[in-house]
Amino acid sequence: MFTSKEEFKKAFLQRLEMMFGKSFQDSTRREHFQTLGNMIREYISSDWIKTNEQYRASGEKQVYYLSIEFLLGRLLRNNLMNLGIENIVYEGLYDLGIDLAEVEEAEADAGLGNGGLGRLAACFLDSLATLNLPGHGFGIRYKHGLFEQKIVDGYQVELPEHWLRHGNVWEVRRADLAVQVPFWGKVEAVSEDGCLQFRHINTETVTAVPYDLPIVGYKTKTVNTLRLWSAQPSPYPVNKDVLKYKRETESISEFLYPDDTHDEGKILRLKQQYFLVSASIQSIIRSYLSTHSSLLDFHKHVSIHINDTHPALAIPELMRILLDEEKMGWDEAWNITKNTISYTNHTTLSEALEKWPIRIFQPLLPRIFMIVDEINERFCKELWDRYPGDWERIEKMAIVAHGEVRMAHLALAGCYSVNGVARLHTDILKKREMNLFYEVFPDKFNNKTNGISHRRWLLKSNPGLAKLISETIGTSWIDSPAQLERLIEFRDDPAFLKKLSSIKKENKNSLAAIIKEKTGVTVDPSSIFDVHVKRLHAYKRQLLNILHIMHLYNRIKEDSSFSIYPRTFIFGAKASPGYYYAKKIIKLINSVADIINNDPDLNDQLKVIFLENYRVSLAEEIFPAADISEQISTASKEASGTGNMKFMMNGAITVGTLDGANIEIMEKVGEENIFIFGLTADEVLHYYQHGGYNARDYYHHDYRIHQVLDSLVNGFFPDAEGEFEAIYDSLIMQNDQYFVLRDFASYVDIQQKAGEAFEDQDRWLKMSLMNIAKSGHFSSDRTIAEYANDIWKIKATNPMINS
Ligand SMILES: *Cc1c(COP(=O)(O)O)cnc(C)c1O
């Protein structure tokens with residue numbers, strides 16, 4: 001294609017004219033992006049084909065990662081970097097008077113996810129390809145990703161997102177590989193050669209069309225595939241109003257559900273789940289049978305991973321194909337299935353455990369329901385043999401009970417591996433949430449602490465820091481992130497610490513410019529940037545943060561001798577549109593910001609910023625500029641967190657509870673390099689079990705809390721009369737389920753300590769250095785290597801073979 005800047009420029013200009021039929025002078029930034037994207041996709045294609053050929057020829061075991069979300073963000077810069085052509089392209093465009101950074105802005109974020117779960121899937125794809133592992137993603141090509149958030153008068157307003165408006169340069173539509181997914185209808189039993197067989201008839205069929213995206217590994221020739229399914233009408237709908245059928249069909253891949261914790265209870269959501277699963281499994285089997293004569297050894301050559309329970313119907317779907325199409329017996333089919341599927345649990349929040357009412361499930365998926373019912377019958381029978389007479393236990397563990405299908409139980413019964421996403425989380429699964437299953441299947445349970453792609457979250461998004469690291473310890477950390485530990489040697493090197501400090505300062509300057517542009521507020525880059533970015537949820541306790549800010553405000557106003565080191569509190573968070581309480585908290589943050597940012601008495605000691613539309617591309621601007629990372633969930637509630645890892649890797653210091661992966665972060669960096677406060681998970685769980693917490697006592701006995709909570713309801717916010725009563729009630733009337741008031745005092749103390757630590761810049765920079773140095777463990781390369789070795793049993797292919 002091109003191997004030099006000059007070749008690139010020539011090819012770029014030719015391609016631009018060819019694609020848009022106009023001269024370079026008249027072309028727009030979007031056209032530059034489209035041209036470049038098109039060239040890069042083509043650049044990738046020969047390695048993509050070779051990788052697929054090699055996988056087919058070698059017969060290596062393949063992994064398929066099924067996820068209802070892939071939060072990819074932008075792909076241009078990542079692809080350039082991974083292909084090793086970033087410099088050629090940057091310089092070539094520069095010669096033409098084009099800034100690559102501006103071209104990048106023309107790419108829409110692929111926001112096919114809500115938060116951590118979807119971003120994890122994206123980081124995993126990056127690591128799989130980079131480690132030359134044969135692992136591919138399957139997801140849904142939602143026409144509209146997660147909504148675009150606007151803040152109007154302090155309230156969240158949701159606008160539909162339209163990432164495909166100008167097409168998607170990375171995808172390849174593979175209409176030749178479309179499959180049919182059946183819904184509704186009924187099941188007919190027929191006798192074939194003396195055997196009872198089942199046929200699903202009178203179905204309403206949807207066509208699943210795959211769109212493939214290449215997943216390029218970092219400086220390797222491996223190019224894996226992310227296959228996203230789009231729902232389209234099938235050619236011959238039966239007995240149906242054609243327009244209605246078309247509308248219903250297309251709605252399956254229309255919207256991502258803007259919710260990552262509550263089960264919306266919608267038929268459409270179940271349709272989406274089966275659509276993803278059925279299309280993916282059919283596609284996997286079709287590809288398998290192109291090189292194997294039967295499915296008898298399927299599980300030895302294929303692993304199918306389900307990212308949470310949304311794709312758990314993979315279990316009955318694989319059974320269906322083995323039973324009805326391959327005509328296997330039950331035991332044989334079950335043996336293959338339960339040795340193929342592995343499962344990751346992402347939460348212990350009970351409201352997030354998926355359960356489908358039979359009255360919805362059975363008519364929509366009649367044959368799948370029969371199979372689930374049979375799995376349940378046999379599972380309960382086994383339990384009966386093991387625990388004769390223990391009805392209570394069997395009822396608790398059943399897959400189908402009380403008119404519902406319990407997806408987590410289906411996943412647990414039908415997989416060979418279940419993992420939690422941080423050590424504490426896995427322990428809670430084993431000891432509490434899934435203890436009954438752990439007793440029956442102790443060997444299935446294992447932990448895989450989450451990770452993040454250090455290439456996207458450091459090398460790409462913080463080029464200044466990445467350069468300093470490479471100049472200091474060489475570039476080996478890019479392939480082996482554990483090498484970052486070598487930075488520890490430079491702990492006492494003033495020249496290094498000075499550079500570290502000036503890089504942070506530059507990143508803060510850039511973020512300050514973004515804040516100015518987006519909000520009009522001027523923030524001081526030498527103030528502490530204290531950052532809380534993640535989905536808005538009660539358990540993540542953005543409320544604790546804003547109540548503390550209100551308290552600081554009160555203190556400064558009341559006591560003219562009191563002062564603090566200047567702080568800029570930065571928030572970014574989307575609330576699920578139906579999550580009333582979360583939206584109140586967004587409004588509260590904005591109301592507090594309004595008062596604080598406009599009060600001259602504060603002498604710029606405090607600023608509060610809410611950045612709208614938090615998403616991957618914005619996150620990439622925020623993490624490099626953070627001094628403090630807010631990870632203050634109610635202990636036991638955050639399964640792992642991955643934002644905490646991105647902050648650490650960019651040199652921010654965590655203020656956090658002993659929750660999720662914060663615990664492992666503390667063990668790595670040492671207690672002196674993190675600010676830990678609040679209840680432990682055991683203490684929280686003890687309160688839940690035995691009671692003993694009375695939030696009202698904290699209101700009455702802590703003057704600071706009293707004052708702050710009163711201002712929620714006493715007219716303190718002139719623009720928000722009656723607005724915050726729900727928040728007040730949740731804390732006082734409903735006894736503060738998330739222990740915000742219980743942890744308030746220790747949060748105030750730790751925040752004060754953090755502020756004081758910052759004033760000693762030498763100490764702070766050393767803390768920052770330690771966080772960067774120890775962050776290699778939280779690379780998704782480490783996580784994926786563990787999945788590959790312990791769960792999937794897959795090996796790296798030799799990248800030299802496909803050169
Ligand atoms: C990393 C990331 C998340 C997850 O953040 P947590 O703090 O772990 O909840 C959510 N959204 C985006 C855009 C991210 O990049």
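Indexing begins at 1, ligand by ligand and atom by atom, following the structure's order. Hydrogens, waters and symmetry mates play no part in the numbers below; they use all other heavy atoms, side chains included.
If you check which protein heavy atom lies closest to atom 11 (N) of ligand 1, you get Tyr614 CE2, 3.6 Å. For atom 10 (C) of ligand 1, the closest non-hydrogen atom on the protein side is Gly115 CA, 3.6 Å. Closest to atom 2 (C) of ligand 1, if we only count protein heavy atoms, is Lys646 NZ, 2.5 Å. Nearest protein heavy-atom contact of atom 8 (O) of ligand 1 is Thr642 N, 2.8 Å. The protein heavy-atom contact nearest to atom 7 (O) of ligand 1 is Lys534 NZ, 2.7 Å. If you check which protein heavy atom lies closest to atom 5 (O) of ligand 1, you get Gly643 N, 3.8 Å.
Residues Phe569 and Phe529 keep their aromatic ring centres 6.0 Å or farther apart. A ring-centre distance under 6.0 Å is found for His305 and Tyr787. Ring to ring, Phe647 and Phe623 are close: their centroids are under 6.0 angstrom apart.
A donor atom on one side chain and an acceptor atom on the other are found under 3.5 Å apart for Asn419 and Thr344. A donor atom on one side chain and an acceptor atom on the other are found under 3.5 Å apart for Tyr581 and Ser730. Side-chain N/O atoms of His425 and Asn447 include no donor and acceptor closer than 3.5 Å.
Of all atoms in ligand 1, numbered sequentially from 1 with element shown, those under 4.0 Å from a heavy atom of Gly641 are 8 (O). Atoms of ligand 1 lying under 4.0 Å from any heavy atom of Lys540, numbered from 1 in the order shown and given with element: 9 (O). Within ligand 1, the atoms closer than 4.0 Å to a non-hydrogen atom of Gly116 are 3 (C), 4 (C), 10 (C), numbered from 1 in the order shown.
Only the side chain of Trp457 comes within 4.0 Å of ligand 1, counting heavy atoms alone; its backbone N, CA, C and O stay farther away.
Of the charged side-chain nitrogens involved, at least one lies within less than 4.0 Å of a carboxylate oxygen, so that Arg141 and Glu171 count as a salt-bridged pair. Using a 4.0 Å cut-off between charged side-chain N and carboxylate O, Glu104 and Arg77 make a salt bridge.
Within the 4.0 Å heavy-atom shell around ligand 1 one finds Arg615.
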